[in-house]
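Worksheet: one structure, shown below.
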Amino acid sequence: MTNKYMYFIANWKMFGDLRTLNSLDKVIKFSKTNKKNKFKLIYCPPNILIRPLSKRLKNTNIEVGAQNCHESENFGPNTGYVNSKMLKNVGAKYIILGHSENRQDGESDKLINLKIKSAIKAGLKIIFCVGETLKEKKNKKTKKVLAKQIQKGLKSIKNKSDIIIAYEPVWSIGTGMIAKSEDLIKCVAFIKSKFSKKSPKILYGGSVNAKNIDKLKNVNNINGFLIGGASQNSKKFIDIIKKSISN
Ligand code: 13P
């Protein structure tokens, strides 16, 4: 990996409670070794943990993000939802949008686009997920799918280079399978080609762990990783980071 500044984003999905936060002491300690600013750490826990986690991470260089939001900028009659302003208010600085688990629940490109716009307005930084399903991959539709997700998801958004793109092939999430290096290089280059000016940062996500990180870190056009399962365990998460930043 030739990039100097690497992102490690923990997507906790529906994991964690107040007690779980104690396990982060190890990561906080480890983050203090980051004197040369080689990596950036961001935790995206469930909404209920954003506030307590932000408090706990005060005076550290670890940041907090959310995993999804309602598209409306205002308070409203939307039982069970929160909007991006509310997430910002409790300490989120980032937000994951367009995750395939939410796309599978019916989120359209258009809805994701509205969410991205409202989150930008609220002052959150966007982690925008794209990726093809196994069927699409087998039918050689990967590029077409990525192009559509990017075009529709980021429609009429200025400053696209501020958005972090997470390339997460759906077939790789939680399955233990990772993309082949040569495919990954091509997909990342393809995603970059969709941005005329400065390219956004591009991360890889899908079954990243301490065993496969040696392979993944050699893909030199990616800027870091979006990590699900393995980020729930502080030791495993630290191992991934250590291996990624070692030469
Ligand atoms: P896993 O690392 O558990 O495969 O999850 C990846 C993911 O969906 C991150 O957003």
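Side-chain atoms are counted along with the backbone in the values below, which use heavy atoms only and exclude waters and symmetry mates. Atoms within each ligand, like the ligands themselves, are counted from 1 in listed order. These figures come from a predicted structure and were not determined experimentally.
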Item to check | Modelled atom types, side-chain donor and acceptor of Glu132 and Trp171, under 3.5 Å | outcome: yes
Checklist entry - Can a non-hydrogen atom of Ser207 be found less than 4.0 Å from any atom of ligand 1? => result yes
Next on the checklist: Quick check on the 6.0 Å ring-centre criterion: do Phe237 and Tyr43 meet it?
Outcome noted: yes
Checklist entry - Nearest to atom 3 (O) of ligand 1, what protein heavy atom do you find, and at what distance? => result Gly229 N, 2.8 Å
Checklist entry - Would you say Pro45 and Val64 make side-chain contact, with heavy atoms under 4.5 Å? => result yes
Item to check | Thr175 N/O to ligand 1 N/O under 3.5 Å | outcome: no
Item to check | Element-labelled atoms of ligand 1 that are located less than 4.0 Å from some non-hydrogen atom of Leu226 | outcome: 9 (C), 10 (O)
Checklist outcome for this item: Distance col, row Leu97:CG vs Lys117:NZ, nearest 0.5 angstrom, shows 13.0 Å
Next on the checklist: Among Ile127, Leu154, Ile150, which residue satisfies the side-chain contact (heavy atoms from CB on, under 4.5 Å) criterion with Ile163?
Outcome noted: Leu154
Checklist entry - Which protein non-hydrogen atom lies closest to atom 7 (C) of ligand 1, naming both residue and atom, and how far is it? => result Glu168 OE2, 3.2 Å
Checklist entry - Does His70 offer a backbone N or O that forms a donor-acceptor pair with the side chain of Asn83 under 3.5 Å? => result no
Checklist outcome for this item: closest protein heavy atom to atom 5 (O) of ligand 1 is Lys13 NZ, 3.1 Å
Next on the checklist: As an exercise, identify every atom of ligand 1 less than 4.0 angstrom from a heavy atom of Gly174.
Outcome noted: 1 (P), 4 (O)
Checklist entry - Using a heavy-atom cut-off of under 4.0 Å, does the side chain or the backbone of Ile173 touch ligand 1, or both, or neither? => result both
Next on the checklist: Would a single hydrophobic cluster contain both Phe30 and Ile227, if residues Ile, Leu, Val, Met, Phe, Trp and Tyr are joined by side-chain heavy-atom contacts under 4.5 Å?
Outcome noted: yes
Next on the checklist: Only heavy atoms of Gly228, strictly under 4.0 Å: list the atoms of ligand 1 that pass.
Outcome noted: 1 (P), 2 (O), 3 (O), 5 (O), 6 (C), 9 (C)
